[in-house]
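Notes to accompany the following structure.
One-based numbering, in listed order, for ligands and for the atoms of each. Hydrogens, waters and symmetry mates are skipped; everything else that's a heavy atom, side chains included, is used. We number each residue from 1, following the sequence as shown.
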Amino acid sequence: MSLPHSLFLVIFGASGDLTRRKLMPALIKIHNGKRFPEHFAIIGCARTAYTDETYRAYLKEELIKFGFLTKEEMETLDDFLSTVHYQSMDPADETTYFLLNDRLKELSPQYENNGNYLFYLATPPLLYELIPKCLHDAGLLKKPGLKRIIVEKPFGYDLASAQKLNKIYAAYFKEEDIYRIDHFLGKETVQNIMVTRFGSTIYEPIWNRNYIDYVEITAVENMGIGTRGGYYDGAGALRDMVQNHLMQLLAITAMEPPAKFDKNGFRNEVIKVYQSLRPLTDKYIRDNVIRGQYIAGDDRIGYREEKNVRPDSRTDTYVAMCLYVDNWRWQGVPFYIRTGKQMPTKVTEIVVHFKPAPMQMFQMKEGFYKGEELIIRIQPDEGILQRIAMKEPGAGFYMGTMEMDFSYDQHDQETGDAYVRLLEDSLVGDPTLFTRSDAVDESWTYFDKILDYWKKHPETPLYGYPAGTWGPKEADVLINRSHSEWTNPCKNLTHSNLYCKL
Ligand code: BG6
């Protein structure tokens, strides 16, 4: 794996939100780190009638307006923008692709590029089926040279549509050239889980059913759906967050050590986790999956009042569920996962609850000691916190807890942006941190059962929860089965000693 001598990054959806807010800021960082191929150009494609100059001016204004850039990036912005070109075309109209083909040909001599193309689909998912075919029909995939494609989520809407997409992509690209992006895998602390587990001897020997009581995986946000009602109302939390992001977190937490950390080794183990999930029956779904929708509260409007949302919508904005990974390592250990919009704070974290010592020689003043906790904080304050038993100073032998807390922030260590990491991987041709087609298949096979169940049983409760709260109380009942409650961090996660339960 190495950078090619030359490469064109072609972004469809170049005037959209994702390009402006995520891709361009990430590309500037890669540019400033001098990690682009020697001859590299970005070609933005969308319907708006920009020229190279007006597109650069638009990007410059947007990037400055939203304050995405550091001082150094402001200084090098013009230099970065000189690598950016624009081709006006309609990605939904197959007759316009020849314009792109001509443009790439025209730019080829300047960039010594004989057909090395990386396509990025930052478009509405509706176009995911069409674009590969149009690229092919316009002859853009014919020339020698590398041809890669990056596709944003959602990759499919259910099992059938995901399988159809997989088939289409397989017809035009080799699997190793298809980069199905899940930006959670680009997050530093998510990757760090593998280092904590497989690069050290501390945790891995106790990372199993003998020592771990249960695991919580939380990815919640304190925002509503903003301007995304059109997409979100047809998707819901299960499709938007659980089927992809939460499943990736579950897989990394539960996987066996890969034989090698590479695209096959890592992704083979992800698949095995999905294959080991306890099969979903109707009864299992009824007892273990809770869905909710935010209603007005805390001065925030309810989901049904949001723009482009049906006033009688039954779309889930919250999902909590309990899953089991039925293998030797995890038999009987519940994994409680949850996601929700309009919660009190934005936090993504994994809490591993260890079992208490088999013999309770000491107790806390308040009574029984429940066991240690390892908190893997993925955001906003990336780090790791180990809560551990300690004698309370003074008379007697009472147990207390102390916290060993590490955050990158405290050590002035910048954690890279997920898009920087993933874009760089796609430039050098490393798909390890991208979702493979069989993982898409397995994950949808599992979640299709829940979607089907909800469809067949529209009477399945959809619990309303006031915006700004931690979701329906039925989700608390779910986790109470492990004699516990959700770990609800307070708003200020920056320092461990401020870590609290609301
Ligand atoms: C996206 C979802 O994939 O992830 C959004 O579509 C969600 O609904 C976002 O807000 C959360 O990502 P992050 O990195 O901000 O936690």
Take the angle between the ring planes of H183 and Y419 and call it parallel below 30°, perpendicular above 60°, tilted in between. parallel
Lys NZ or Arg CZ of R197 over Y203 ring: under 6.0 Å, within 45°: no
Give a yes or no on whether the ring-centroid distance for Y58 and Y50 is below 6.0 angstrom. yes
Does anything in residues 154-175 form a ring-ring contact (aromatic ring centres under 6.0 Å, His included)? List the pairs, not counting sequence neighbours. H136-Y172, F155-Y169
For L27, the option from L427, V420, I11, V84 that meets side-chain contact (heavy atoms from CB on, under 4.5 Å): I11
Neighbour count above 12 (heavy atom, 6.0 Å) for K455 NZ: no
Neighbour list for ligand 1 [protein residues, heavy atom under 4.0 Å]: K153, H183, F184, K187, E221, R228, D240, M241, H245, K341, K346, Q379
